[in-house]
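To start, the structure itself, in C-alpha cells.
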Amino acid sequence: MIATVLAFFSFIYRTKMTDAKKERSFIMVKPDGVSRGLIAEIIKRFEQKGFTLVAAKLVKASPELVQQHYYDLREKKFYKGLCAFMSSGPVFPMVWEGKGVVATGRTMLGETDPANSKPGSIRGDFCIDIGRNIIHGSDSVETAKKEIALWFKEEELVDWTPAAYSFVYE
C-alpha cells in the first residue's frame, strides 16, 4: 500500500514538473570568460539560483557557426569583429532549465555593456568593456529554442530532476 501511494505521488511530482518549470535558455561563456577561468563561477550562480543544467560542452566554434548564431546582428558595425572574437578560442555553451530561466538568466548576466551592469550580476562583477562581456544569454524563449538547436543535438540534452527540486519549487 505505501509503495502504491509513493508511486502515485512520484507520478504527480514528475507530471507537475512539466510546463513553465521546463522552460529552457541558452547561455554561453565566451572566449574571454573561458580564458579567465570563469566557467565554474557561472555554473555555480545558475545552480545556486535553482536552475538545472541539462547540457554543456567546451567547443571551438567555427566562424560559420558563430556567423549563424549572430545572424540577426549582421548589419551592425561590430558584427565582423564579434564573429572573429567568438571563433578565436573555446566557448562553453550550456542549456539551463527552470521556471522563468530566460528572463531571470538575462537579469543574472547584467546589461550587455558591463558599465551599465549592477554589482552582483555576472557582467557587473567580472567585466569592464562591452567587447569583453564574457557571456551570452538568450533574449526570449523563441530565441533560446533556435540557439539550443544550433549548438546541441537533441540527444545531448539530458532530461533529469535534481534531488533538490522540491526545495526550489512548490
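Note that the coordinates shown come from a computational prediction; the quantities given were computed from them, not determined experimentally.
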Quick check: closest heavy atoms across [X] and [Y], and the distance to 0.1 Å?
X	Y	result
Ala56	Phe92	CB-CZ, 3.7 Å
Ala55	Leu53	O-CD1, 3.3 Å
Leu58	Pro90	CD1-CB, 3.8 Å
Arg123	Ser117	CB-OG, 3.6 Å

Quick one: [atom1] on [X] to [atom2] on [Y], what's the gap to the nearest 0.5 Å?
X	Y	atom1	atom2	answer
Phe26	Lys146	CZ	NZ	14.5 Å
Asp129	Ile134	CG	CD1	12.5 Å
Leu157	Phe152	CG	CZ	7.0 Å
Gln67	Ser87	CD	OG	7.5 Å
Glu97	Lys22	CD	NZ	4.0 Å
Asn133	Thr112	CG	OG1	6.5 Å

Quick check against the 3.5 Å criterion: does [X] have a side-chain atom that pairs as donor or acceptor with the backbone of [Y]?
X	Y	answer
Asp125	Gly120	yes
Ser25	Trp96	no
Glu23	Val102	yes
Arg24	Ala144	no
Thr104	Gly100	yes

Can you get from Ile148 to Trp160 by hopping between Ile, Leu, Val, Met, Phe, Trp and Tyr side chains that sit under 4.5 Å apart?
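Cluster IDs for Ile148 and Trp160 match.
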So if you build clusters from Ile, Leu, Val, Met, Phe, Trp, Tyr with side-chain heavy-atom gaps below 4.5 Å, do Ile128 and Ile135 land together?
no
Might you confirm whether atom [atom1] of [X] has over 12 heavy atoms from other residues, nucleotides or ligands at distances under 6.0 Å?
X	atom1	value
Tyr71	OH	no
Lys49	NZ	no
Glu155	CD	yes
Lys60	NZ	yes

Side chain to side chain contact (heavy atoms under 4.5 Å, CB included) involving Lys76 - partner list, sequence neighbours excluded:
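With sequence neighbours excluded, Lys76 shows a side chain to side chain contact (heavy atoms under 4.5 Å, CB included) to Leu73, Phe78, given in chain and number order.
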Any side-chain heavy-atom pair from [X] and [Y] closer than 4.5 angstrom?
X	Y	result
Ile130	Pro114	yes
Phe85	Asp32	yes
Met94	Val29	yes
Met86	His136	no
Phe51	Ile27	no

Go through the steps for His69 and Trp151 under the test side chain to side chain contact (heavy atoms under 4.5 Å, CB included), then give the verdict.
CA-CA 9 Å; His69 178 86; Trp151 289 86; 2.9 Å; yes
Verify side chain to side chain contact (heavy atoms under 4.5 Å, CB included) between Asp159 and Val54, making sure each step is shown before the conclusion.
CA-CA 7 Å; Asp159 190 19; Val54 298; over 6 Å; no
Which pairs of donor and acceptor atoms, one on a side chain in residues 34-41, lie under 3.5 Å apart (sequence neighbours left out)?
unit_1, atom_1, unit_2, atom_2, d
Ser35, OG, Pro31, O, 3.0
Arg36, NH1, Phe126, O, 2.6
Arg36, NH2, Phe126, O, 3.0
Glu41, OE2, Arg45, NE, 3.0

